[in-house]
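Scroll down for the structure; my scribbles are underneath it.
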2 protein chains.
Amino acid sequence: MSQPVTLHDVAAAADVSVATASRALSGKNRVSRETVAKVQAVAAELGYRVDPIARALREGSTRIVGMIVPVIGNPYFAQLVDAAEEQLQQRGFELLLADSHGRIDEELRRLTVFGERKVDGIIIVPSDHTASAGALRSIRSNIALVQIDRSAGASLADFVGVDNDVAMTLLLEHLQERGARSVAFVGADDVTSSGLERAEAFRRALERTGLTLVRQVRGQFDTETGVAAADELADGPLPDAIVAGSDLIAFGLISRLRERGVAVPDDVLVTGFDGTALSQIFTPSLTTVVQPIEGIAADAVSFLIGRIEGSAAPVRNSRIAPTLRVGESTTTR
Amino acid sequence: MSQPVTLHDVAAAADVSVATASRALSGKNRVSRETVAKVQAVAAELGYRVDPIARALREGSTRIVGMIVPVIGNPYFAQLVDAAEEQLQQRGFELLLADSHGRIDEELRRLTVFGERKVDGIIIVPSDHTASAGALRSIRSNIALVQIDRSAGASLADFVGVDNDVAMTLLLEHLQERGARSVAFVGADDVTSSGLERAEAFRRALERTGLTLVRQVRGQFDTETGVAAADELADGPLPDAIVAGSDLIAFGLISRLRERGVAVPDDVLVTGFDGTALSQIFTPSLTTVVQPIEGIAADAVSFLIGRIEGSAAPVRNSRIAPTLRVGESTTTR
DNA sequence: GTGAAAGCGCTAACAA
DNA sequence: TTGTTAGCGCTTTCAC
């Protein structure tokens with residue numbers, strides 16, 4: 001409501017120069033005890049708050065972190081944003097959010113704007129496994145960068161994500177225990193690194209467990225892909241189990257299978273991936289791997305702030321193991 | 001990568017003063033045709049972009065809009081954020097996102113920070129029907145404000161949200177057509193304006209349609225509330241139908257009812273509210289009212305930008321009618 | 001129509 | 001330890 005109090009006002013009221021007032025408040029310079037006390041008292045009384053814009057112009061640093069996700073509507077990304085925002089907030093950073101809608105051109109444009117806005121760092125879920133690399137390389141080198149959930153190249157910047165190998169092993173071993181011998185995979189295509197990696201991790205886990213691959217369907221991480229895959233799968237001989245690359249895919253899959261007269265888990269077992277809140281509420285509740293969202297966000301923010309503070313450590317690639325959560329989609333048989 | 005080009009560079013290269021360069025680029029001052037052309041050409045060639053921070057310091061305006069939601073994890077709010085972000089983006093604004101976690105103290109703190117950051121406007125979903133008013137009143141008067149989805153007082157700022165009366169009427173008339181005579185309501189408590197309004201709208205629609213109220217349960221807009229309500233309702237005599245205040249509540253409700261051996265829609269009809277993507281995938285698919293999210297976001301952004309541009313029009317209160325989407329939760333009986 | 005200069009609020013180099 | 005001064009990049013009087 002009232003006119004903002006400037007450093008000048010504080011200095012005048014405390015009877016010192018603006019420089020001294022600035023130093024007294026920042027604390028990182030030698031200023032006498034009394035002066036510091038006086039300035040702080042006056043500042044508090046006047047309700048002084050530094051103007052972040054003036055500081056940013058002067059310092060070239062904004063204490064703002066930009067985050068770019070492909071679809072905020074995906075509950076997994078929403079949770080990731082939520083967790084990251086909270087972490088950043090605690091460390092005194094604000095979150096500028098952008099949605100790339102999974103499009104590389106939008107991604108580039110948003111990165112550019114973030115650069116112009118002089119964000120201190122960017123947390124990005126690269127939309128394209130290969131094509132995003134160019135966009136990432138184009139950002140100013142003084143902006144810290146961390147890739148989260150998906151990667152556009154391990155050498156580009158720190159990366160934090162789920163350990164897909166652990167995830168697929170957990171899932172396939174569970175399915176094997178439940179008696180499955182043949183299994184189909186419905187995941188995202190190779191455009192996203194997570195789509196690619198999960199498919200590969202699935203294949204490796206398949207070999208280890210000795211299960212038989214019946215069919216693979218690849219699309220996006222959304223429900224529509226699950227729906228379409230259900231149609232494909234329902235036409236052929238059913239496998240014992242279907243491993244979905246995301247909870248959303250599993251939702252679409254189960255829903256459409258049911259419409260086609262295929263019951264889960266009675267006729268076929270289905271697993272999800274992400275551990276979204278709804279996977280427990282869904283009917284049947286989903287057997288899925290729970291992403292360590294808090295851990296991923298915490299690591300990403302730590303890495304990022306480390307970089308912002310000037311860390312020149314080698315690029316890190318951090319994989320966090322998920323946990324298996326068993327639901328009705330593989331049990332009530 | 002390269003050093004940013006400043007206006008000074010452009011001016012030098014175009015052989016004019018920085019003042020002229022600034023005027024030529026802004027276009028809102030008298031500058032000769034040739035000069036404008038020359039400056040623009042040089043600026044383009046050099047890849048000049050105004051420094052938003054310097055401009056913000058000078059103008060006191062950032063072209064950033066802050067948005068505060070109670071839970072980004074709620075798919076409805078995620079969609080709202082998505083829609084608003086897109087609208088803003090088109091008009092040249094960035095979106096600074098904050099999550100109040102439904103807590104009034106966090107809300108106030110985030111509002112304060114937004115004020116300090118000199119956002120041009122704020123889109124807020126007030127967390128508390130009454131307590132948020134104080135926080136909203138505390139923000140600097142030169143920051144535009146619009147309330148979305150929930151209100152903390154019609155006089156405080158423009159408001160845009162769904163028309164709850166239309167919604168409840170659509171739902172109850174539909175239930176009546178489906179043969180329901182008694183109905184229960186499970187919604188959010190009076191802390192949020194939407195919780196309060198939906199309960200009231202439900203009551204009014206009840207009177208109009210002549211249905212009998214069996215029971216009311218009030219909590220939050222989340223699945224847990226639905227789960228808890230299911231336990232309460234399953235203990236007593238079941239109504240013909242249950243109207244939920246949100247899709248999430250309906251999900252929790254149906255899921256828990258099923259665990260308790262109550263089938264939807266066979267034993268009881270259930271309706272949702274919001275029209276989230278998952279309501280179509282859920283089993284059974286939900287009969288629900290679809291929020292006009294795009295419309296709400298578009299209006300909110302229009303109002304906000306109007307205010308940012310100085311509109312002193314009387315405070316508006318805009319209600320957008322939802323549409324009914326019929327699903328299996330009230331039909332396959 | 002154009003340029004010189006002030007100044008938004010802040011921090012840091014340089015003096016004292 | 002403290003004050004003076006410059007300047008971050010921009011827009012906008014105020015002269016010419």
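Residue His8(B) contributes atom NE2, which lies 15 Å from atom C1' of dT11(D) at whole-angstrom precision. Straight-line distance from the CG atom of Leu25(A) to the P atom of dG9(C): 16 Å, rounded to whole Å. Remark: C1' of dT2(D) and CD of Glu34(A) are 13 Å apart, rounded to the nearest angstrom. Rounded to an integer number of Å, the gap from Arg30(A) CZ to dA12(C) P is 13 Å. Protein atom CG of Leu7(B) is 9 Å distant from nucleotide atom C1' of dT11(D), rounded to whole Å. What separates CD1 of Ile53(B) from P of dT11(D) is a distance of 14 Å, to the nearest Å. Rounded to a whole Å, the CG atom of Asp15(B) is 12 Å from the C1' atom of dT2(C). Distance, Arg33(A) CZ to dT2(D) P: 13 Å, rounded to whole Å.
Among the heavy atoms of the strands lying under 4.0 Å from Arg55(B) are primed sugar atoms or P, OP1, OP2 only; no base atom is included. Among the atoms of the strands shown, only primed sugar atoms or phosphate atoms (P, OP1, OP2) are found under 4.0 Å from some heavy atom of Thr35(A). Ser32(B) comes within contact range of the sugar-phosphate backbone alone, with a heavy-atom separation under 4.0 Å but no base atom that close.
Taking side-chain N and O atoms only, Thr20(A) has no distance below 4.0 Å to OP1 or OP2 of dT1(D). Look at Ser17(A) and you won't find any side-chain N or O under 4.0 angstrom from OP1 or OP2 of dT2(D). The phosphate of dG1(C) (OP1 or OP2) has no side-chain N or O of Arg23(B) nearer than 4.0 angstrom. At the phosphate of dC8(C), neither OP1 nor OP2 sits under 4.0 Å from any side-chain N or O atom of Thr6(A).
Each of Val18(B) and Leu57(B) lies near DNA chain C, and the nucleotide nearest Val18(B) is the one positioned closer to the 5' end. The residue among Val16(B) and Ala19(A) whose nearest nucleotide of DNA chain C lies closer to the 5′ end is Val16(B).
Salt bridge Asp120(A)/Arg63(A): absent, no basic N to carboxylate O contact under 4.0 Å. The existence of a salt bridge linking Arg110(B) and Glu85(A) is confirmed by a sub-4.0 Å separation between a basic side-chain nitrogen and an acidic carboxylate oxygen.
Remark: Arg316(A) is positioned above the aromatic ring of Phe303(A), its terminal NZ or CZ atom under 6.0 angstrom from the ring centre and at most 45 degrees off the axis.
Donor-acceptor pairing under 3.5 Å is recorded for the side chains of Ser127(B) and Glu107(B).
In Arg91(B), the CZ atom is crowded: over 12 heavy atoms of neighbouring residues, nucleotides or ligands sit closer than 6.0 Å.
Side chain of Arg58(B), nearest nucleotide from dC10(D), dT2(D), dT11(C): dC10(D).
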